[in-house]
Student: 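Below is a structure I'd like to ask you about.
Heads up: numbering here begins at 1 and tracks the sequence. Treat the numbers as computed from the prediction; the structure is a model and nothing was measured.
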Amino acid sequence: MTGPSPQPPVPPLAEALAAGPVVLDGGLSNQLEAAGHDLGDALWSARLLAEEPEAVVRAHLAYYEAGAQVAITASYQATFEGFARRSTGPEETAALLRRSVTLAREAASRARADGVPGPLYVAASAGPYGAMLADGSEYRGRYGRSVDELERFHRPRLEVLAAARPDVLALETVPDADEARALLRAVRGLGVPAYLSYSVAGDRTRAGQPLDEAFGYAADADEVIAVGVNCCAPDDADRAVRIAARVTGKPVVVYPNSGERWDATARAWCGSPAFRADRVAGWVADGARLIGGCCRVGPDAIAELAAALGR
């Protein structure tokens, strides 16, 4: 009796990006909420790493089955400080961070068993300092913390995530170029590539820095395999893709929101969706290679996006 055929080696994500566009997943939180999970606390989807890990696997699996080639882990809001408020110690927090990668790997394994073609990748999410505060400051930046202080905050979590061997570290939804500088320092020497993705408004970061300046910090960072934007309006993504490509010469990552707007005070979405798969061709022409959706962009929209990319 012979066992299952071994999986072919997975090329590094950087090689896949060099070969053509790669599909990211959509919003993990909205997929979990659609399945009936309440995410209305400070830990957001990270709470389910401890309480309902199978729900996280199923959410990742829905995106892989829709055509996503990269799943972003449920660690965006998972920090040592955030879990400490829930009386979770550092060892258990580190285990939960590692679990976030393991759960995405499990979803990829199930997807391949169900016939989803590979390669399938895992991006370990590291959200901004403001995500830990859970007060809306992740959309503003300018926390009153120095670059050194922010590096000390991010480095321990990134070390744990890197040790779990994801395919890439997702330094995402960064509102402030100063925090990007801290993150770029924090990923040095970890042995795992990273992408850097700002949250923007118009042609500036949420903290108000020009995107030319903000993207420029990543231009010479060897660890960074893609630079771009997420958690922004689709219209803002159009302009930012062009700037990121011009300033850095690197593949561009882009995954905007649906176009609805998050009201951090009311903790609710308002406005109308504007995310459309027909934007993809323009993004690709301007240099985008890692493309998906963020908040309120679900598996159906990712399936349309994947089809537009011929995936």
Side-chain angles (χ1 to χ4, degrees), residues 1-37 45 48-49 52-75 98-125 164-168 170 192-193 195 225-226 251 253-255 258 275-281 283-284 288-294 296-311:
M1 180 181 295
T2 60
S5 300
Q7 292 293 328
V10 175
L13 182 57
E15 290 185 13
L17 296 177
V22 174
V23 182
L24 268 171
D25 61 6
L28 182 63
S29 61
N30 51 262
Q31 182 61 16
L32 289 165
E33 288 174 330
H37 300 284
S45 57
L48 300 186
L49 292 173
E52 297 188 69
E54 175 61 21
V56 178
V57 175
R58 290 196 298 269
H60 288 316
L61 181 59
Y63 282 114
Y64 281 134
E65 291 180 336
Q69 297 164 274
V70 183
I72 302 174
T73 63
S75 51
R98 291 190 294 269
R99 180 181 289 176
S100 72
V101 176
T102 300
L103 296 177
R105 291 279 185 221
E106 170 63 20
S109 179
R110 291 189 197 179
R112 287 192 296 267
D114 290 343
V116 174
L120 301 177
Y121 298 95
V122 170
S125 173
R165 309 311 298 174
D167 297 291
V168 66
V192 177
Y195 73 71
I225 62 172
V253 54
V254 55
Y255 51 118
S258 66
F275 184 96
R276 300 187 313 274
D278 60 11
R279 291 180 182 266
V280 169
W283 292 340
V284 172
R289 293 296 178 268
L290 190 54
I291 305 171
C294 199
R296 308 283 284 183
V297 177
D300 289 346
I302 294 302
E304 293 177 4
L305 187 153
L309 289 171
R311 294 294 184 260

Student: Can you name the residues that form a side chain to side chain contact (heavy atoms under 4.5 Å, CB included) with Arg105, not counting sequence neighbours?
Tutor: Val101, Val122, Asp167
Student: Determine whether Val192 and Arg165 satisfy the following criterion, side-chain contact (heavy atoms from CB on, under 4.5 Å), listing intermediate values before the conclusion.
Tutor: CA-CA 7 Å; Val192 177; Arg165 309 311 298 174; 3.6 Å; yes
Student: Can you tell me how far apart CZ (Arg110) and NE2 (His60) are? Round to the nearest 0.5 Å.
Tutor: 11.0 Å
Student: Check whether any side-chain heavy atom of Pro251 sits under 4.5 Å from a side-chain heavy atom of Leu290, and report yes or no.
Tutor: no
Student: Do any side-chain atoms of residues 298-305 form donor-acceptor pairs under 3.5 angstrom with protein atoms, and if so which ones, sequence neighbours left out?
Tutor:
none

Student: Looking only at heavy atoms, what is the nearest atom pair of Ala104 and Thr73, with distance?
Tutor: CB-CG2, 4.2 Å
Student: With sequence neighbours excluded, what pairs up with Pro193 under the side chain to side chain contact (heavy atoms under 4.5 Å, CB included) test?
Tutor: Ile225
Student: For a quick test of reading the model, state the closest non-hydrogen atom pair linking Phe275 to Gly293 and the distance between them.
Tutor: CE1-CA, 4.1 Å
Student: To the closest 0.5 Å, what do you measure between OH (Tyr63) and CG (Leu24)?
Tutor: 11.5 Å
Student: List, one per line, each side-chain donor-acceptor pair under 3.5 Å for residues 13-21, sequence neighbours excluded.
Tutor:
none

Student: List the atom of Val23, the atom of Arg311, and the distance in Å for their closest heavy-atom pair.
Tutor: CG2-CG, 3.7 Å
Student: Tell me the closest heavy-atom pair linking Leu28 and Ala59, and the distance in Å.
Tutor: CD1-CB, 3.6 Å
Student: Which pair of non-hydrogen atoms, one from Ala74 and one from Ser100, has the smallest distance, and what is that distance?
Tutor: N-CB, 4.3 Å
Student: Could you please spell out the steps behind the side-chain contact (heavy atoms from CB on, under 4.5 Å) verdict for Glu54 and Val57?
Tutor: CA-CA 5 Å; Glu54 175 61 21; Val57 175; 4.2 Å; yes
Student: Where is the tightest heavy-atom contact between Arg112 and Leu120, given as atom of each residue plus distance?
Tutor: CG-CD1, 3.9 Å
Student: To the nearest 0.5 Å, how far apart are OG in Ser75 and CZ in Arg98?
Tutor: 13.0 Å
Student: Would Val10 and Tyr121 satisfy side-chain contact (heavy atoms from CB on, under 4.5 Å), going step by step from the backbone distance to the final call?
Tutor: CA-CA 9 Å; Val10 175; Tyr121 298 95; 3.4 Å; yes
Student: Strictly distance-based, threshold 3.5 Å: is any side-chain N or O of Arg289 a donor or acceptor partner for the main-chain N or O of Val284?
Tutor: yes
Student: How would you list, by chain and number, every residue that makes a salt bridge (charged side-chain N to carboxylate O under 4.0 Å, His left out) with Arg279, sequence neighbours excluded?
Tutor: Asp235, Asp238
Student: Quick one: side-chain hydrogen bond (donor to acceptor under 3.5 Å, both in side chains) partners of Asp114, sequence neighbours excluded?
Tutor: none
